[in-house]
2 protein chains.
Amino acid sequence: MGARTARRRDPAERALEVRDAAKTIALTRGLAAISLRNLAAHCGVTSPLIAHYVPTMDALVANTFSAIAEQEISEVTRHAHTPTEPLEQFRALLDALADPSRDNVGEVWCDAWSVGRRNDALAAAARDAMDSWIALATGIIQAGQERGQFAPARPERAALVLFALVDATASYQLVSYRSRLERESLVRETLEDILKVSLQPIANVGPIRPDASSTT
Amino acid sequence: MGARTARRRDPAERALEVRDAAKTIALTRGLAAISLRNLAAHCGVTSPLIAHYVPTMDALVANTFSAIAEQEISEVTRHAHTPTEPLEQFRALLDALADPSRDNVGEVWCDAWSVGRRNDALAAAARDAMDSWIALATGIIQAGQERGQFAPARPERAALVLFALVDATASYQLVSYRSRLERESLVRETLEDILKVSLQPIANVGPIRPDASSTT
DNA sequence: GCTCTAATTTACCACCTACTCAATAAGAGT
DNA sequence: ACTCTTATTGAGTAGGTGGTAAATTAGAGC
């Protein structure tokens with residue numbers, strides 16, 4: 001089939017390829033599926049070459065998680081900061097977090113908690129990413145409160161509740177607990193109660209009967 | 001060191017021993033550590049014997065999770081139903097859920113979500129156990145509302161928030177995110193806000209300076 | 001004490017994991 | 001075209017996983 005030996009590449013380029021392979025494996029098959037062989041197969045290369053570029057598997061798993069989490073945080077941050085009003089920013093944040101295209105990342109987070117128990121670097125990466133999320137939401141909530149748009153709940157506490165609900169529902173989804181709609185409204189409506197605002201997604205002013213094409 | 005061959009046992013007795021071994025392995029090393037060899041070593045027996053008693057690993061993992069979850073649910077249910085007043089019942093429920101001796105079970109839950117993605121029986125077991133938890137809390141909240149002890153929030157919604165917070169903080173604990181005190185008050189105080197009641201644990205009326213002996 | 005069922009073992013299979021070391025060969029620089 | 005660095009491979013170590021077939025042997029019933 002393929003060439004007997006892979007094209008010789010610039011080390012930096014090959015290292016990047018390996019990191020990318022780790023990301024797509026994590027997003028499609030979970031953090032636990034990142035292995036020398038899987039990476040090698042994905043890159044069309046033998047496993048010792050992967051080992052040559054990766055100090056240790058635990059480190060690669062931790063770095064891969066960081067890369068995935070940080071990329072998502074920066075994308076969602078940009079999306080959430082597109083509007084200028086904090087209320088609209090918060091709605092945009094919730095929309096982004098509820099987007100089904102985020103499901104794969106939710107699975108990776110779930111793996112991170114489970115695997116992080118025995119991978120200190122991964123646990124540290126998870127803590128850092130969580131702090132970033134909390135900081136993002138806390139900032140928006142604070143700004144909204146200063147403009148009188150949100151009820152005066154403790155901003156960081158509200159942010160912690162938001163992500164606890166997001167994280168729990170992400171876990172629930174892995175075992176298909178309740179419908180996507182139920183999981184989503186659990187998050188949205190609970191934060192409506194805390195901040196005393198309407199957080200209905202912008203595009204949801206259409207037909208009376210909600211879209212029932214997919215209830216998972 | 002031990003006998004060359006293990007004592008011949010009644011099949012029912014041996015099967016029970018295997019199930020017990022699976023439980024303690026799950027609680028000490030996680031659901032993913034349940035393997036033919038680990039079980040065999042734990043029982044002082046060879047792995048084919050375990051295979052002889054276990055139809056398939058996935059099934060054993062699912063059944064082990066069910067056993068652990070159902071035992072905890074029945075214990076906590078008994079504890080929570082000891083008081084007669086719903087408010088006291090709810091406090092007892094929260095106390096039980098916050099008990100650090102419950103940590104191991106929290107880890108097993110986390111594993112269940114992560115592993116449940118590729119083990120349908122396990123996912124179904126998780127859904128069932130979750131429904132039992134929600135039913136328990138919903139019942140107490142409903143009873144409390146009928147006696148005017150709780151604010152009229154939707155009972156099942158409040159129960160879902162409760163366990164979403166409990167489940168998320170259990171995940172957070174695996175990566176040491178925030179202190180035990182912070183995680184615990186996130187749950188308790190959020191439910192105080194929802195039900196508009198004081199949920200301080202009964203034994204917490206002691207010294208002004210909280211116990212700082214362990215902050216994890 | 002003998003027999004006979006079946007609990008238990010030994011010896012495997014095929015696959016996975018991380019990782020190491022010496023041999024090969026690609027391809028850039030001269 | 002030749003050299004030389006080093007990316008890449010082949011072969012192997014030492015473990016892990018679930019699972020199977022057939023030999024062994026414990027111990028209950030007669």
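Chain letters run A, B, ... following the sequence lines, proteins first, then strands; residues in each count from 1.
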| So, A:Gln200 and A:Arg188: side-chain donor and acceptor under 3.5 Å apart, yes or no? | yes
Under 4.0 Å between a side-chain N or O of B:His52 and OP1 or OP2 of C:dT8?
-> no
Quick note, B:Pro48 side chain, CB onward, closest among D:dT8, C:dT10, C:dT20 is C:dT10
Closest of C:dA18, D:dA7, D:dG18 to the B:Met57 side chain is D:dG18
From OH of A:Tyr53 across to P of C:dT20 the rounded distance in Å is 16 Å
To the nearest angstrom, the CG-C1' distance between A:Leu49 and D:dT6 comes to 11 Å
Q.
Check this for me, if you would: do A:Glu107 and A:Arg102 make a salt bridge, where the nitrogen-to-carboxylate-oxygen distance has to be below 4.0 angstrom?
A. no
Expected list for residues 21-40 of chain A near DNA chain D, using heavy atoms below 4.0 Å, is none
request  = Look at all strands and tell whether B:Thr56 reaches a base, only sugar-phosphate, or nothing, counting heavy atoms closer than 4.0 Å.
outcome  = sugar-phosphate
To the nearest angstrom, the CZ-P distance between B:Arg9 and C:dT9 comes to 11 Å
note: A:Arg8, atom CZ; C:dA26, atom C1'; distance rounded to Å ~ 5 Å
Separation between CD1 (B:Ile34) and NE2 (B:His42), nearest 0.5 Å, reads 11.0 Å
Rounded to whole Å, the CD1-P distance (A:Ile50 to D:dA7) equals 14 Å
Do B:Ser35 and B:Asn38 have a side chain donor and acceptor closer than 3.5 Å? yes
Quiz item: Going by atom types alone, do A:Thr56 and A:Asp58 pair a side-chain donor with an acceptor below 3.5 Å?
Solution: no
**Prompt:** Any chance the rings of A:Trp109 and A:Phe65 have centres within less than 6.0 Å?
**Reply:** yes
- Query: Using a distance-only test with no angle check, is there a side-chain donor-acceptor pair under 3.5 angstrom linking A:Gln142 and A:Glu156?
  - Reply: no
Per atom distances to the A:Ala51 side chain, the nearest of C:dT20, D:dG27, D:dT8 is C:dT20
Rounded to whole Å, CZ of A:Arg14 lies from P of C:dG27 at a distance of 11 Å
note: B:Asp10, atom CG; C:dA6, atom P; distance rounded to Å ~ 12 Å
